[in-house]
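Okay, structure first, notes after.
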Amino acid sequence: KTAYEISRSDWSSDVCSSDLFPSHDTSVSNSGQLSVTVADGKVWRGNTDKNHKNPPNWTDNAPPGSTETKPLYFAPDASNPLELTEDQVFSDIYLNSSNANHKIVLKGKKLTVTGKIIVQGSARIEAKDPNDVLEFTGSANQSIPANIFLDNEVRSLVINQSAADKELAIEGTTNVKGTLTVTKGKLKSNGNLILKSDADGTARVAPLTADGAIEGDVTVERYIPRYEVPGTRNGRAWRLISIPVTGSASLRDYLMSGRTGTDLTISSNISSEPSGMGTPIIGHAYADAGEAYAAGYDFLLSNQVSAYRDWE
């Protein structure tokens with residue numbers, strides 16, 4: 001039996017340390033007194049399949065109710081990952097193993113966490129489906145641990161804590177590809193939040209309420225597809241871009257990945273640019289590359305201007 005399978009009625013039986021598994025890495029002596037706290041949680045084994053509503057997959061043969069708030073544990077020898085078949089609420093989630101089956105797959109559902117998430121080893125939460133939602137509704141401060149998500153990606157993230165002064169801290173790189181919603185509480189990015197944009201779509205921030213706030217730097221991406229001229233090489237096209245933030249940053253920061261200008265007449269400079277990041281900006285008919293660098297722009301022999309500003 002595991003520590004979480006032992007009920008009060010079991011204490012008349014002998015229990016040895018090999019019968020127990022902890023929620024964290026620890027060591028158990030083979031002698032002396034052992035103090036065990038029995039948690040009123042759910043233990044996933046996945047003996048039959050991935051379906052989180054299939055009774056034999058749980059050690060007590062009873063799937064959790066969709067709204068009951070209990071901690072979730074994974075047995076060390078779990079045979080399958082846990083896939084949600086309907087929206088589910090857990091208080092705490094413990095993913096603490098290198099077992100590849102220590103994984104939660106949202107599968108287009110909403111997973112709500114009212115407490116903490118503990119992640120160790122290669123355990124992950126997979127939340128990449130277009131309809132996946134991870135929601136935090138704690139009554140105390142919460143956090144998103146580093147490397148919690150498969151590929152560091154979550155489709156949509158919701159913060160709806162019990163009070164405006166509660167915080168959700170992001171502790172590692174987190175890419176949001178759908179909607180970020182902060183209804184109540186403060187989201188602390190710690191510089192780790194990225195709103196992604198690619199050919200499939202662009203992440204967005206839902207309107208903030210009076211009880212919601214976002215604190216810290218956020219990286220916002222905007223995917224711009226390559227303009228194709230039929231029958232010719234790739235062509236140029238004008239794009240209308242607005243940057244709805246306040247501050248003193250420049251085109252260099254917003255659109256050129258922070259670089260100070262590159263001589264794009266040199267092929268090695270072009271090949272060294274990060275793939276899919278930034279865009280060349282030619283701001284004036286500069287005499288040479290040095291003059292362009294000083295102004296913070298890229299340089300091309302054609303010197304065809306590629307940026308204008310409009311204060312209206």
Side-chain angles (χ1 to χ4, degrees), residues 50 52 81-90 93 95 103-113 117 119 122-137 142-161 167-209 212-226 239-245 253-258 274-279:
K50 302 175 183 179
H52 104 284
L82 185 158
E83 287 189 355
L84 296 185
T85 55
E86 63 180 43
D87 295 349
Q88 183 64 55
V89 179
F90 288 111
I93 296 176
L95 292 161
K103 181 169 74 170
I104 302 173
V105 183
L106 270 56
K107 208 70 175 178
K109 308 303 180 185
K110 179 170 73 172
L111 174 62
T112 299
V113 182
I117 300 178
V119 176
S122 59
R124 294 289 182 269
I125 294 176
E126 183 174 332
K128 302 174 69 171
D129 186 278
N131 295 315
D132 287 350
V133 178
L134 180 62
E135 180 182 40
F136 289 86
T137 61
Q142 295 175 280
S143 65
I144 298 178
N147 302 316
I148 181 179
F149 300 116
L150 180 67
D151 298 328
N152 291 323
E153 179 185 318
V154 57
R155 177 59 64 159
S156 290
L157 187 62
V158 176
I159 296 87
N160 190 16
Q161 295 172 296
E167 298 177 349
L168 175 69
I170 299 179
E171 298 178 346
T173 300
T174 299
N175 299 299
V176 175
K177 294 198 69 175
T179 302
L180 170 64
T181 304
V182 185
T183 303
K184 184 180 290 186
K186 179 188 291 184
L187 175 64
K188 300 187 70 173
S189 74
N190 293 317
N192 294 316
L193 177 61
I194 302 173
L195 300 180
K196 296 294 290 182
S197 181
D198 56 28
D200 296 326
T202 298
R204 62 184 289 269
V205 178
L208 290 174
T209 68
I214 300 174
E215 179 181 284
D217 291 341
V218 178
T219 299
V220 180
E221 297 182 355
R222 185 64 178 95
Y223 174 78
I224 300 175
R226 176 180 292 176
R239 315 284 182 170
L240 299 178
I241 299 176
S242 64
I243 303 172
V245 297
D253 302 306
Y254 288 132
L255 301 176
M256 297 169 64
S257 299
S275 177
M277 299 295 292
T279 184

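All residue numbers refer to positions in the sequence shown, counting from 1.
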Original post:
If you take all heavy atoms of Val205 and Leu195, which pair is closest and at what distance?
Top reply: CG2-CD1, 3.5 Å
Original post:
Considering the options Lys196, Lys128, Glu221, which one meets the side chain to side chain contact (heavy atoms under 4.5 Å, CB included) requirement together with Lys177?
Top reply: Lys196
Subject >> Residue pair Lys109 / Glu83, side-chain heavy-atom distance below 4.5 Å >> reply: no
Subject >> Point-to-point distance, once rounded to the nearest 0.5 Å, from CG of Leu95 to CD1 of Ile125 >> reply: 6.0 Å
Subject >> Euclidean distance, Gln161 CD relative to Lys186 NZ, rounded to 0.5 Å >> reply: 11.0 Å
**OP:** Work out which heavy atom in Gln142 is nearest to a heavy atom in Thr137; give both atom names and the distance.
**Re:** OE1-N, 3.7 Å
Subject >> Contact summary for Ser189 and Gly216, nearest pair of heavy atoms >> reply: OG-C, 3.1 Å
**OP:** Taking all heavy atoms of Lys107 and all of Leu84, pick out the closest pair and write down the distance.
**Re:** CB-O, 3.5 Å
Original post:
Which atom names give the shortest non-hydrogen contact between Ser197 and Tyr223, and what distance separates them?
Top reply: OG-N, 2.6 Å
Subject >> Nearest heavy-atom neighbours spanning Leu106 and Leu134 >> reply: CD2-N, 4.3 Å
**OP:** Answer yes or no: is there a donor N or O on one side and an acceptor on the other, between the side chain of Asp87 and the main chain of Lys110, under 3.5 Å?
**Re:** yes
**OP:** Going by the side chain to side chain contact (heavy atoms under 4.5 Å, CB included) test, name the single residue among Val119, Ile117, Leu157 that passes it with Ile144.
**Re:** Leu157
Subject >> Min side-chain heavy-atom separation Leu193-Leu180 under 4.5 Å >> reply: yes
Original post:
Among Thr173, Val218, Thr174, which residue meets the side chain to side chain contact (heavy atoms under 4.5 Å, CB included) test with Ile194?
Top reply: Thr173
Subject >> Donor-acceptor under 3.5 Å (Ser156 side chain, Thr179 main chain) >> reply: yes
Subject >> Glu135 CD to Leu168 CG distance, which is reported to the nearest 0.5 Å >> reply: 11.5 Å
Subject >> Backbone N/O of Glu171 and side chain of Asn190: donor-acceptor pair under 3.5 Å >> reply: no
Original post:
Is the backbone N or O of Thr183 less than 3.5 Å from a side-chain atom of Thr209, with the two atoms forming a donor-acceptor pair by type?
Top reply: yes
Original post:
Short question: side chain of Asn192, backbone of Ile170 - any donor-acceptor pair under 3.5 Å?
Top reply: yes
Original post:
Between Thr202 and Arg222, is any pair of side-chain heavy atoms under 4.5 Å apart?
Top reply: yes
Original post:
NZ/Lys184 to CD1/Ile159 distance, rounded to the nearest 0.5 angstrom?
Top reply: 14.0 Å
Original post:
How far does CG of Leu82 sit from CZ of Phe90, to the nearest 0.5 angstrom?
Top reply: 6.0 Å
Original post:
Does Arg124 use its side chain to pair, donor to acceptor, with the backbone of Asn147 at less than 3.5 Å?
Top reply: yes
